[in-house]
Number of protein chains: 2
Amino acid sequence: MTEHFDGQEAWAAALRAHGRRVTKQRLAVLAAVERHPHSPAESILAAARAELPELTAQSVYVVLGDLTDLHMLRRFEPPHSPALYETRVGDNHHHAICISCGRVEDVDCAVGHAPCLTPHWNPDAKPMTIQIADVMYQGICQDCQQAQKLPSHSPSQEKEK
Amino acid sequence: MTEHFDGQEAWAAALRAHGRRVTKQRLAVLAAVERHPHSPAESILAAARAELPELTAQSVYVVLGDLTDLHMLRRFEPPHSPALYETRVGDNHHHAICISCGRVEDVDCAVGHAPCLTPHWNPDAKPMTIQIADVMYQGICQDCQQAQKLPSHSPSQEKEK
DNA sequence: CACTTATTTTTAGCAACTCACAATAAGGCG
DNA sequence: CGCCTTATTGTGAGTTGCTAAAAATAAGTG
C-alpha cells in the first residue's frame, strides 16, 4: 500500500478541480473503476469495498452518477446489461461487446476525431446538432468462437420453430 | 376499419413464414409498432390496446422479444431509456437521440452497407468477429435548441457548483 | 371436430436504480 | 485549531422495466 499515492492525489486534484470534496468514498470508487474498466455499479461497489468495507451501494450510485456528469467517468449501456463505467474519457473511443460472454474491448475511433460522425440526414428529417456518436460493435470474441466449434450440442441460436 | 387488411395480411404472412401462429395479439403489436416507431413496450401496449383492449403487458413483452429474435422487429436501447422497437429492419440504419427531449430520428448508414464498421483493433487486443455495429448519435434537436436560447432560467446543464 | 402445443394470461418475483431524509464529515473561516 | 456550513454519505423505502412459472386459451393440423 505505497504505490498508489500518486493516483490517489491525481484523483483528489481532479475532484477539487471540479469543485467536489475529496472523500475516501469517492477515491475508492475512482480507484475501483480505474482498476476494473467496463464494470457495472455492483462490481465497482465490491471492488471499492476491498479498501473501504463500509461503503454503501447508494453512495456508489450517487458518486458514479455525479462523476459521469462531470465527465470524470464515462458510462455506456450495452444491450441487456447494466450500465458500465470507465475512467477513459475525452478520447472518443468505442466498444466491442461479445454477445456470447459479454466481454468488452475498447476500440479506438476509426475515423480520427469525429468518428463516423456526420450523419446523413434524410431529406425530411430536421437535423440535430450532434454532440457524440457512440458506436457499439457486437460480435463474438475468439474464445467464444472456439467454444462454439467444439463438441457441444446447442449453439443456442435462433430456434425458428 | 377497412383499410388495413393488406398490412394485416402482410404481417400474418411474415409470422407464418417464421413458423409463428397468427394471433390477434401479435397482429396488434406489430401494427402498433409500425404506427409508433421508436416506442417502448409500455407505449406499444397502450397503442395496441386501442384495437385489442384485453391485451396483456406480459404478452407484449413476450411478443416483442420473440419477434426481435426473429428479426421481424429491431430493438435498441438509448441511454436512460427503456428499450425501443421499430419495424424497420434489415437496412442497417442508425439513430439520433435528442438528449433533451428524447426524440429519436432515423439516420441512414453513412458509409454504404457496413457503416463505420471495421474497428481498428489495438495491437494488444484480440479482435472479435463483428456482426453488427450500432451507432447512436446523441445531440440536441432544433426545437430544444430553440427552447434553450429563449428566456427561461435554468438550462439544466452541468452544475459545477 | 378433436387434439396438440404454441401463445396468452395470471401471478410472482427480481435487478438496477431513484428518492427522501437523517447522519456525517470536508473545507472555509475566524 | 475548533466551529459552522453544506456537500456527501448512509438508511430505508419505492419504482421501473423486465423475466419466470404455471395455468388457461386458442391456432393450426389431420
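Lettering follows sequence order; numbering is per chain, from 1.
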Would you list the protein and nucleotides 28-30 of chain D atom pairs, both N or O, that sit under 3.5 Å from each other?
residue	atom	partner	partner atom	Å
dG28(D)	OP1	Val22(B)	N	2.9

No-hydrogen, no-angle side-chain donor-acceptor test under 3.5 Å, His38(A) and Asp106(A)
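Yes.
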Using atom [atom1] of [X] as one end and atom [atom2] of [N] as the other, report the distance to the nearest whole Å.
X	N	atom1	atom2	value
Glu54(B)	dA24(D)	CD	P	19 Å
Gln25(A)	dT8(D)	CD	C1'	8 Å
Leu15(A)	dA7(D)	CG	C1'	13 Å
Leu67(A)	dA7(D)	CG	P	16 Å

Test applied, side chain to side chain contact (heavy atoms under 4.5 Å, CB included); reference residue, Val22(A); option that passes from Arg16(A), Glu9(A), Gln8(A):
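Only one of Arg16(A), Glu9(A), Gln8(A) forms a side chain to side chain contact (heavy atoms under 4.5 Å, CB included) with Val22(A), namely Arg16(A).
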Check for a donor-acceptor pair, side chain of [X] on one end and backbone N or O of [Y] on the other, with a separation under 3.5 Å.
X	Y	result
Arg20(B)	His18(B)	yes
Thr23(A)	Arg26(A)	yes
Ser43(A)	Ser39(A)	no
Arg49(B)	Leu55(B)	yes

Ionic contact status for Asp134(A) with Arg75(A), cut-off 4.0 Å
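Here Arg75(A) does not pair with Asp134(A) in a salt bridge, since their nearest N and O are not under 4.0 Å apart.
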Which nucleotide of DNA chain C is the first, and which the last, in the 5' to 3' direction, to come under 4.0 Å of a heavy atom belonging to chain B?
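Taking any atom under 4.0 Å from a heavy atom of chain B, the span is dT5(C) to dA12(C).
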Kindly state each residue pair satisfying salt bridge (Lys or Arg N to Asp or Glu O under 4.0 Å) with at least one member in residues 89-98 of chain B, sequence neighbours excluded.
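Only Arg88(B)-Asp91(B) qualify under salt bridge (Lys or Arg N to Asp or Glu O under 4.0 Å).
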Taking only side-chain nitrogens and oxygens of Ser59(A), does any of them come within less than 4.0 Å of OP1 or OP2 of dG10(D)?
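Yes, within the criterion.
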When clusters are formed from ILVMFWY side-chain contacts under 4.5 Å, directly or step by step, what else is grouped with Tyr61(A)?
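Direct or chained contacts put Tyr61(A) with none.
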Are there over 12 heavy-atom neighbours, none belonging to Glu42(B), within less than 6.0 Å of that residue's CD?
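No, CD of Glu42(B) has 12 or fewer neighbouring heavy atoms, counting only those of other groups under 6.0 Å.
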Given protein heavy atoms under 4.0 Å, the one-letter contact record of nucleotides 12-19 of chain D, with B base, S sugar-phosphate only and - none, is simply BB---SBB
How bent is the helix from dC1(C)-dG30(D) to dG30(C)-dC1(D), comparing axes over its five end pairs at each side, to the nearest 10°?
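Overall, the helix from dC1(C)-dG30(D) to dG30(C)-dC1(D) bends by 30° from one end axis to the other.
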